[in-house]
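This structure is a prediction, so every number in the text was calculated from the model and none was measured. Worth knowing before you read on, the calculation uses all heavy atoms, side chains too, and leaves out hydrogens, waters and symmetry mates.
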Amino acid sequence: MEHAPTEILLNIFRFIDDGRTLLDCVSLVCFRWNSVAKDPRAWASVCATICTSKDRDYYVPRNEARVAVHALALRELRIQVFANAALSSLRSLEGFVPLQDVLTRCHATIQRIVCGDSYAMNPESKTAQCELLKRNEKSLRALSWSVRGHAALHGNVLHSISTLEQIEELTLAASSKPQYSQQLKGRLPSLRVLNYSVPQGVDRVPFNHREILKDLLEGAAESLRRVEVNLPLHSSVVQSLSKCVNVTSLSIPIESVSGIRQMTSLRELTAVVHSQLEDISPRTVEALTDAALPALRHLKFETWTGYHVIRCLAAMLAIARAAPHVSTLKVQYDTSSRASIENTVVEMLGVLPDLTSVSVSTGGPAIVPR
């Protein structure tokens, strides 16, 4: 290894996913290895995790913060802020550093950031997070941002997201009304994967969520390949969805399926019957009668609310008729609607001649074996 070319050493170091190994072991072998370990390419596989909580006063153990602070590049940075931690409140600040200091001192080139449960984060840390996003606006490829409880998806966060020129994958999860003023309109043209959700059980989805979703779909209509949405879609959002003709994988509430009519590249579809189901109008079913889904191969229906499922049977059958080349059919349903669902599945079998796998279940073993 003494005379190995630098490129060979870099290729070897790129398989190291533990930042502490690069900091404490590789860099101490010799002067040459120390120099190579300072090349950002050597950190290509390294992931770092920062965990703190409200009862720790947003302080992070120093040994957990070292990698994030000293890394030259990171494949993924995961930030977790909980309301309460398993440990008791801090008795001493020795060995701990403030979360905002860790985020401010992190100058690594990051490819993916996962921020979970940020509802408990203090204002200083939220500001440091936004600055971290801006520093990585050209390198970040994926972002997952979750806000639970009554905290809103802050306007500064949305503005920071709008600057991410190269982002390809975006996951947003929040329940309260976002502070949205069209920060994302016409932005994120490179987005390929979009996952947008609100927690189950939210009685009324704030309209701002639908405005964000509409602008995201329209801004990335040409580039989107995978879309997952769990909230009821307004007609304007369905219209925006219909422009995403290159989508190959889609998961949406079943009352919004009229937006798939022109998706000739669609290969995977999951239609969900949820507790917030709005009435499926006859127009929705009629819109599917002339739909053509020649590329669809995997079709899945999730119907967990028996009260609403009867209204969806015609739409389910219309989707099957529009996709004659489906090879895999999965139906998960509530036991209270078993007879109606199984009768509809029998009708589907008659219009799907290419089926090779059928699974019909209530969450347990399938009654039709794979």
Side-chain angles (χ1 to χ4, degrees), residues 197 200 205 210 213 217 227-245 247-355 358-362 368:
S197 64
Q200 292 294 332
V205 178
R210 301 175 185 180
L213 189 54
L217 291 172
V227 177
E228 295 184 17
V229 181
N230 81 334
L231 64 153
L233 303 185
H234 187 266
S235 58
S236 62
V237 182
V238 175
Q239 185 176 359
S240 299
L241 177 65
S242 67
K243 300 176 183 178
C244 303
V245 294
V247 168
T248 60
S249 178
L250 179 65
S251 177
I252 54 172
I254 195 167
E255 68 267 31
S256 306
V257 292
S258 59
I260 69 175
R261 293 175 56 196
Q262 306 300 323
M263 292 185 178
T264 55
S265 300
L266 189 64
R267 294 186 59 84
E268 300 180 14
L269 172 64
T270 298
V272 183
V273 181
H274 51 79
S275 58
Q276 301 167 347
L277 175 69
E278 299 175 357
D279 285 335
I280 296 182
S281 66
R283 291 183 180 180
T284 299
V285 179
E286 291 174 6
L288 292 170
T289 57
D290 61 346
L293 304 172
L296 193 63
R297 296 295 183 270
H298 304 282
L299 179 58
K300 182 178 181 180
F301 296 101
E302 295 181 0
T303 58
W304 295 115
T305 54
Y307 175 75
H308 298 293
V309 72
I310 304 301
R311 312 181 214 171
C312 307
L313 299 181
M316 293 169 62
L317 190 55
I319 294 172
R321 285 174 175 157
H325 302 300
V326 167
S327 59
T328 301
L329 174 65
K330 294 184 179 181
V331 181
Q332 294 177 320
Y333 63 95
D334 181 85
T335 54
S336 62
S337 57
R338 177 167 185 165
S340 301
I341 286 289
E342 292 178 3
N343 289 336
T344 302
V345 170
V346 170
E347 291 188 65
M348 289 183 189
L349 296 179
V351 298
L352 297 174
D354 295 341
L355 277 177
V358 181
S359 176
V360 184
S361 71
T362 59
V368 180

Could you tell me whether the side chain of [Y] reaches within less than 4.5 Å of the side chain of [X], counting heavy atoms only?
X      : Y      : value
Val326 : Asp354 : no
Ile252 : Val257 : yes
Glu342 : Val346 : no
Asn230 : Val272 : no
Lys243 : Gln262 : no
Val227 : Cys244 : no
Met316 : Leu313 : yes

Got a second to check how far [X]'s [atom1] is from [Y]'s [atom2], nearest 0.5 Å?
X      : Y      : atom1 : atom2 : value
Arg297 : Leu266 : CZ    : CG    : 11.0 Å
Ser236 : Leu241 : OG    : CG    : 11.5 Å
His234 : Ser256 : NE2   : OG    : 11.0 Å
Leu231 : Ser197 : CG    : OG    : 8.5 Å
Glu347 : Asn343 : CD    : CG    : 7.5 Å
Ser251 : Glu268 : OG    : CD    : 10.5 Å

Could you report the tightest heavy-atom contact between [X] and [Y], atom names first, then the distance?
X      : Y      : answer
Pro294 : Thr264 : CG-O, 4.0 Å
Ser258 : Arg261 : O-CG, 3.2 Å
Ile254 : Ala271 : CG1-CB, 4.0 Å
Leu293 : Met263 : CD2-O, 3.6 Å
Pro353 : Val351 : CD-O, 3.3 Å
Leu329 : Met348 : CD2-SD, 4.0 Å

One pair to check against side chain to side chain contact (heavy atoms under 4.5 Å, CB included): Lys330 and Glu302. What are the steps and the verdict?
CA-CA 8 Å; Lys330 294 184 179 181; Glu302 295 181 0; over 6 Å; no

Could you check whether atom CD of Gln239 has more than 12 heavy atoms from other residues, nucleotides or ligands sitting under 6.0 Å from it? no

The residue among Thr270, Leu296, Val229, Leu269 that forms side chain to side chain contact (heavy atoms under 4.5 Å, CB included) with Leu250 is Leu269

Does the Arg267 side chain pair with the main chain of Ser265, one donor and one acceptor, at a distance under 3.5 Å? no

